[in-house]
Amino acid sequence: MTITEITGYIVLVLLVYSVYIIPKAIGEYQGVFKEPADPFFGKMKEDCKWTHGMTFKSMIIGFIGGLLVMLIIQEQVQRYFGIPASAFVIFIILVPITIYALKKSKKNKIIAKNRNIEEEKVSS
């Protein structure tokens with residue numbers, strides 16, 4: 001295997017990872033929200049808890065917008081600097097997004113847990 005093949009596989013792995021981490025970061029940016037009630041599946045309004053993370057809206061924005069932007073960046077960098085440089089640029093873009101998503105996830109988890117505890121005290 002040559003360096004070009006190896007970095008080509010790295011680019012593919014990074015793009016697949018971006019499909020996961022970009023919607024997660026967008027969902028964590030939105031903060032804590034209450035789960036929607038769905039009587040069809042037996043989830044009443046009283047059973048809903050505070051949660052955080054990906055929503056359908058953040059997944060759609062992340063899948064379509066995030067992947068499209070990452071592909072455009074990858075193609076342009078690859079055209080002018082080659083495949084190894086495009087892998088490096090995508091990696092540099094994904095590192096701060098990953099750090100943000102992980103830190104924000106920890107904060108939102110604590111907030112959601114505290115709100116659920118408060119609601120249990122109020123309801124009992």
Side-chain angles (χ1 to χ4, degrees):
M1 290 186 115
T2 63
I3 293 288
T4 306
E5 289 177 357
I6 293 170
T7 54
Y9 291 126
I10 291 171
V11 166
L12 290 175
V13 169
L14 288 173
L15 288 175
V16 169
Y17 180 68
S18 72
V19 168
Y20 164 73
I21 199 65
I22 292 175
K24 181 171 174 53
I26 293 171
E28 294 298 342
Y29 173 75
Q30 292 175 351
V32 178
F33 59 93
K34 194 127 175 148
E35 293 174 338
D38 195 355
F40 181 76
F41 292 109
K43 189 171 206 173
M44 300 302 165
K45 193 172 185 179
E46 301 84 31
D47 300 330
C48 295
K49 296 190 179 283
W50 290 94
T51 187
H52 64 96
M54 282 194 259
T55 60
F56 290 117
K57 182 180 170 183
S58 69
M59 287 191 315
I60 291 171
I61 293 169
F63 289 165
I64 296 172
L67 186 60
L68 185 63
V69 168
M70 293 301 283
L71 284 173
I72 290 171
I73 291 170
Q74 189 270 335
E75 286 291 325
Q76 294 303 314
V77 173
Q78 180 180 339
R79 178 183 297 163
Y80 294 108
F81 299 108
I83 295 175
S86 69
F88 182 71
V89 167
I90 291 174
F91 178 75
I92 294 300
I93 291 171
L94 288 178
V95 166
I97 293 173
T98 303
I99 292 170
Y100 173 79
L102 293 175
K103 285 184 177 182
K104 191 70 172 173
S105 177
K106 288 180 185 176
K107 290 179 184 176
N108 286 341
K109 185 176 182 179
I110 293 169
I111 294 170
K113 183 180 175 183
N114 290 338
R115 286 190 183 173
N116 286 327
I117 291 171
E118 287 175 10
E119 280 192 4
E120 287 176 12
K121 286 180 183 177
V122 170
S123 63
S124 57

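When a residue number appears, it is its place in the shown sequence, counting from 1. Side-chain atoms are counted along with the backbone in the values below, which use heavy atoms only and exclude waters and symmetry mates.
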message: Taking Arg79 first and then Glu75, would you say they form a salt bridge - that is, a charged N and a carboxylate O separated by under 4.0 Å?
response: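 No, Arg79 and Glu75 are not salt-bridged.
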message: What I want to check is whether the side chains of Tyr17 and Thr98 have a donor and an acceptor closer together than 3.5 Å.
response: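 A pair is found: one side chain offers a donor N or O, the other an acceptor, under 3.5 Å apart.
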Please report the interatomic distance [atom1]([X]) to [atom2]([Y]), rounded to the nearest 0.5 Å.
| X | Y | atom1 | atom2 | value |
| --- | --- | --- | --- | --- |
| Asn108 | Trp50 | CG | CH2 | 11.5 Å |
| Lys49 | Asn116 | NZ | CG | 5.5 Å |
| Thr51 | Arg115 | OG1 | CZ | 12.0 Å |
| Ile83 | Ile10 | CD1 | CD1 | 11.0 Å |
| His52 | Lys113 | NE2 | NZ | 11.5 Å |
| Ile110 | Ser105 | CD1 | OG | 10.0 Å |

Heavy-atom closest pair, residues [X] and [Y]:
| X | Y | result |
| --- | --- | --- |
| Ala101 | Glu28 | O-CG, 4.0 Å |
| Leu67 | Ser18 | CD1-OG, 4.2 Å |
| Lys57 | Gln30 | CD-NE2, 4.3 Å |
| Ala25 | Ile97 | CB-CG2, 3.9 Å |
| Thr7 | Ala87 | O-CB, 4.1 Å |

Linking I/L/V/M/F/W/Y whenever their side-chain heavy atoms sit closer than 4.5 Å, directly or via other members, would [X] and [Y] fall into one cluster?
| X | Y | answer |
| --- | --- | --- |
| Val13 | Ile92 | no |
| Tyr9 | Val16 | no |
| Val19 | Ile90 | yes |
| Phe88 | Leu12 | yes |
| Ile73 | Phe91 | yes |

Hey, does [Y] have a side-chain heavy atom less than 4.5 Å from the side chain of [X]?
| X | Y | result |
| --- | --- | --- |
| Tyr100 | Tyr29 | yes |
| Leu94 | Met70 | yes |
| Pro23 | Phe63 | yes |

Heavy atoms from other residues, nucleotides or ligands near CD1 of Ile3 exceed 12 (cutoff 6.0 Å):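 12 or below, so no.
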- request: May I ask you to check whether over 12 heavy atoms, not counting those of Lys107, lie within 6.0 Å of atom NZ?
  value: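 No.
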task: Any chance you could lay out the side-chain contact (heavy atoms from CB on, under 4.5 Å) test for Gln76 and Phe81, step after step, and finish with the verdict?
output: CA-CA 8 Å; Gln76 294 303 314; Phe81 299 108; over 6 Å; no
